[in-house]
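Let me begin by presenting the structure, written as structure tokens, before commenting on it.
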Number of protein chains: 2
Amino acid sequence: MRTPEELTELFRSSGRKVTAQRQCIFRVLQGDETHPSAEAVHAVVSREMETISLKTVYQTLHDLAELGEIASLDVGTGMTRFDPNVTDLHHHLVCRQCGSVRDLVAVFPELRIPEGADLGFDVGSAEIVFRGLCPECRAPAGRGRARARSST
Amino acid sequence: MRTPEELTELFRSSGRKVTAQRQCIFRVLQGDETHPSAEAVHAVVSREMETISLKTVYQTLHDLAELGEIASLDVGTGMTRFDPNVTDLHHHLVCRQCGSVRDLVAVFPELRIPEGADLGFDVGSAEIVFRGLCPECRAPAGRGRARARSST
DNA sequence: TCCTTATCGCCAACGATTGTTGAAAAACAA
DNA sequence: TTGTTTTTCAACAATCGTTGGCGATAAGGA
Ligand SMILES: [Mn+2]
Ligand SMILES: [Mn+2]
Ligand SMILES: [Zn+2]
Ligand SMILES: [Zn+2]
């Protein structure tokens, strides 16, 4: 994803207006590597703009996705996740427990489909989801002072 | 997934009763490689048992999943897909167009995460989704007699 | 300025899935 | 066969994430 300034430019030149809400969303997405859901984006943006509606967030996320500035992902956590990183070819690590999603920046060129195993599909891309436990969820809960941890 | 006879056995020994509906579902799933959704299973089963409810289908699919006889998958098509093949290690080919899902039986041992790229995740499994066009959707629509194709 | 677009709030609707209830049917152990 | 337990069905309502209206208001931008 480009910088908020560049996005401002891009929105204008694509006939979209640049509002305070949108710029706030740009800023929030900027450098966010957590692959937030729309709700999560809304939660953060709301801290700065109390009255912004979830609707507006969805709309802006879709605009950004339409412009190719972010990607929307379905990694099986029940909500669409949004990814500002559209430049690095990468895959994803997904925590079975808390649903956190992180980038795994690595290319697997050896992902060749064995001859004849493709069942006639014209394959264009491959997405790998690595499932496991994130560092937070791995942490033994019972060591030292019990550390309260929210389930979200 | 085991044979309908073995599943009958398994259901009994796990305290479940064996009904005509359940057996019908066993039979329908048997050898089905299309990764049907609950709706799809219901549609097929309904041909044989007119009055079977979608509810019952969901319930039985969950029972089977609980027993490890089938797997439930989320490959981004909007509905949970059910997979009777739990013995072959495999990945999936998903058609971008019609959403059909097929097995890609191949092991990719080279799917090693580069040192330090795992961000501290304790990775347990990796699922690959190959996206592309299935043979049906690849087929040029205009050749010879136009072949009507439903969108489902 | 003036036209266009965005936003808000509110509420309804979506599709996939799960839950509820009560009555009827069936499974199966004794 | 009888009696107990489970399952099914029908008909709903409810859930969750998401999208869609609506009119009123606010704001962008040439
Ligand atoms: Mn990513
Ligand atoms: Mn499969
Ligand atoms: Zn976690
Ligand atoms: Zn297809």
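We name chains A, B, ... by the order of the sequence lines, and we start the count at 1 in each one.
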For M49(A) and dT7(C), give me the distance from atom CE to atom P, rounded to whole Å. 9 Å
Do the two ring centres, one from F108(B) and one from F108(A), sit under 6.0 Å apart? no
Nearest to the side chain of [X], which nucleotide is it out of [options]?
{"X": "R22(A)", "options": "dA6(C), dC8(C), dT7(D)", "result": "dA6(C)"}
{"X": "T80(B)", "options": "dA27(C), dT17(C), dC8(C)", "result": "dT17(C)"}
{"X": "K17(B)", "options": "dT6(D), dA16(C), dT19(D)", "result": "dT6(D)"}
{"X": "A38(B)", "options": "dT17(C), dC9(D), dA27(C)", "result": "dT17(C)"}
{"X": "R12(A)", "options": "dG28(D), dT18(C), dT8(D)", "result": "dG28(D)"}
{"X": "M79(A)", "options": "dG17(D), dT8(D), dG9(C)", "result": "dG17(D)"}
{"X": "V18(B)", "options": "dT8(D), dC28(C), dA6(C)", "result": "dC28(C)"}
{"X": "I52(B)", "options": "dG9(C), dT7(C), dC9(D)", "result": "dC9(D)"}

More than 12 heavy atoms from other groups under 6.0 Å of CD on Q30(A): yes
A quick test of your reading: do over 12 heavy atoms of other residues, nucleotides or ligands sit less than 6.0 Å from CD of E33(A)? no
For the side chain of K55(B) and the base of dG19(C), is some donor closer than 3.5 Å to an acceptor across the two? yes
Have a look at G78(B) and say if it touches a base, only the backbone sugar-phosphate, or nothing, with a 4.0 Å heavy-atom cut-off. sugar-phosphate
Counting any heavy atom closer than 4.0 Å, what does Q59(B) reach on the DNA or RNA strands: base, sugar-phosphate only, or nothing? sugar-phosphate
Is a side-chain N or O of S13(A) found less than 3.5 angstrom from the main chain of L10(A), in a donor-acceptor match? yes
